[in-house]
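Contents: one structure, followed by commentary.
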Amino acid sequence: MPQEHDPQSLSDLDMAHHLHPFADMRVQQQHGVRVMVEGDGLYVTDSAGHRYLDAFAGLWCVNVGYGRREIADAVHRQMTALPYYNTFFGTTTEPAARLAEHICRLAGPRMNHVFFTNSGSEANDTWLRMARLYWRCRGEPERTVVISRHNAYHGSTIAGASLGGMRHMHEQGDLPIPGIEHIGQPYWYGEAGNLSREAFGLARARELEEKILEIGPDRVAAFVAEPIQGTGGVIVPPSTYWPEIQRICKRYGILLAVDEVITGFGRLGHWFGYQHYGIEPDFCAIAKGLSSGYQPIAGVIVADRVADVLINDAGAFQHGFTYSGHPAAAAAALANLAILEREKLVERVRDDVGPYFQAALRSLEDQLMVGETSAVGLLGAVQLTLEKSTRTRFSRPGDIGMVVRNFCFRDGVILRAAADRILLAPAFTITRDEIDHIVRTLRAVLDEVVAELS
Ligand code: PXG
């Protein structure tokens with residue numbers, strides 16, 4: 001057996017036996033894998049001793065930062081007392097009950113029930129089944145179609161990937177499944193042509209109305225969207241977009257599902273993105289920031305309008321997961337929420353480091369290759385461009401994004417590229433100095449890339 005901390009042999013073991021998510025395994029085998037061993041605050045360290053400033057919170061999730069002893073202690077206490085019990089046959093556990101109440105307290109007056117899952121993907125599968133059941137109970141069983149958007153990300157299960165609008169995912173496995181339709185995304189920079197932001201936001205929202213009329217309003221169950229698309233490139237919609245979407249959903253009585261797997265629990269400076277945008281969802285999918293990634297736990301917050309029908313008219317909901325409301329994961333989530341509240345981290349995102357981060361990103365707009373920056377709270381993107389004045393894209397947008405991302409990694413800053421957009425989502429504990437460091441690194445890398453290109 002290899003030594004526990006021998007990086008080479010761990011990498012070899014991994015490559016020999018571990019199939020990774022969203023990875024080209026042949027390419028990965030040529031390059032090897034990096035073994036991460038430690039985290040503290042904003043920083044992670046790999047097995048070779050390199051330390052990185054993680055401007056991406058793991059995978060949009062470690063919002064309270066690494067190394068939180070009190071979350072580990074809470075999990076340890078719960079595992080010692082009761083490591084597992086189910087929430088199926090008329091039983092619950094203390095952390096599951098307390099967590100459900102706590103989430104609803106944060107979610108606001110109309111949102112009073114939670115269904116627990118293990119992942120964001122399962123959360124999306126769950127509300128999809130709930131939405132169809134709701135309409136059946138309401139005597140409109142033909143309302144089954146869900147409308148989503150191109151370039152949305154809603155997970156990797158069959159339903160999640162179908163709801164998502166990622167072409168490369170649909171191409172594998174005959175997706176989307178029937179009953180799911182897609183409309184355009186509110187990506188002004190890339191798709192608006194000569195339209196102003198406001199006009200484009202309205203036009204893209206009105207595609208929902210056109211799609212509803214095309215399908216037939218009495219066949220549409222729900223519309224789903226991330227308040228701000230994450231994986232799709234941190235696409236911040238124009239200000240006209242969400243009010244119009246809300247109007248259309250109300251007009252046709254269709255359910256509105258917001259996927260807040262990334263935006264939930266403070267990333268936009270409010271507990272939920274729907275509070276930031278002033279919209280009233282019927283379902284809210286949650287995951288990542290619920291436990292800051294310390295344990296896998298996720299779920300759906302369900303509005304009273306739907307929960308009342310499901311509780312009173314549906315009989316048993318034939319759906320659930322062994323680990324729904326897992327007590328150790330729920331204990332981690334409770335400890336995480338306690339940290340967010342005690343340290344006022346959501347307010348910090350809204351009033352302090354969020355605005356500072358947005359201004360710091362904006363300062364990059366003088367760079368030759370930066371077309372625009374967009375950010376809300378601590379969720380941000382830098383749009384790369386070949387020619388600013390005409391918003392011309394690189395011919396292979398994925399290549400340029402990956403070069404910038406890889407150079408930043410080399411220089412000790414972790415961020416993510418989605419095509420030609422550089423995405424940032426740091427922990428809420430980030431300091432102004434750390435924001436400056438990220439932006440300085442990015443600026444130097446952009447200078448280097450421009451020099452190489454010319
Ligand atoms: N919805 C949204 C908005 C997400 O961001 C999911 C659902 C699915 O959650 P689970 O827990 O099933 O992964 C996500 C997850 C990336 C990347 O590369 C993003 C996610 C997952 C994997 C990769 O940006 N987000």
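Heads up: numbering here begins at 1 and tracks the sequence. Each ligand, and each atom within it, is numbered from 1 in the order the structure gives. Computed from a predicted model, the values in this text were never measured in an experiment.
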Measure the acute angle between the ring planes of H326 and Y84, then classify it against the limits of 30° and 60° as parallel, tilted or perpendicular.
-> tilted
Aromatic ring pairing Y277/W242, orientation class (parallel under 30°, perpendicular over 60°, tilted between) = tilted
Side chain to side chain donor-acceptor pair (under 3.5 Å) partners of R350, counting only residues at least two apart = none
Mind checking what makes side chain to side chain donor-acceptor pair (under 3.5 Å) contact with E226, not counting sequence neighbours?
-> none
Near ligand 1, which protein residues have a heavy atom under 4.0 Å away?
-> L59, W60, S119, G120, S121, N124, Y153, H154, G155, E226, T231, D259, V261, I262, K288, R416
Quick one: which residue pairs count as a side chain to side chain donor-acceptor pair (under 3.5 Å) with a foot in residues 161-177, not counting sequence neighbours?
-> none
More than 12 foreign heavy atoms under 6.0 Å from CD of E38: is that the case here?
-> no
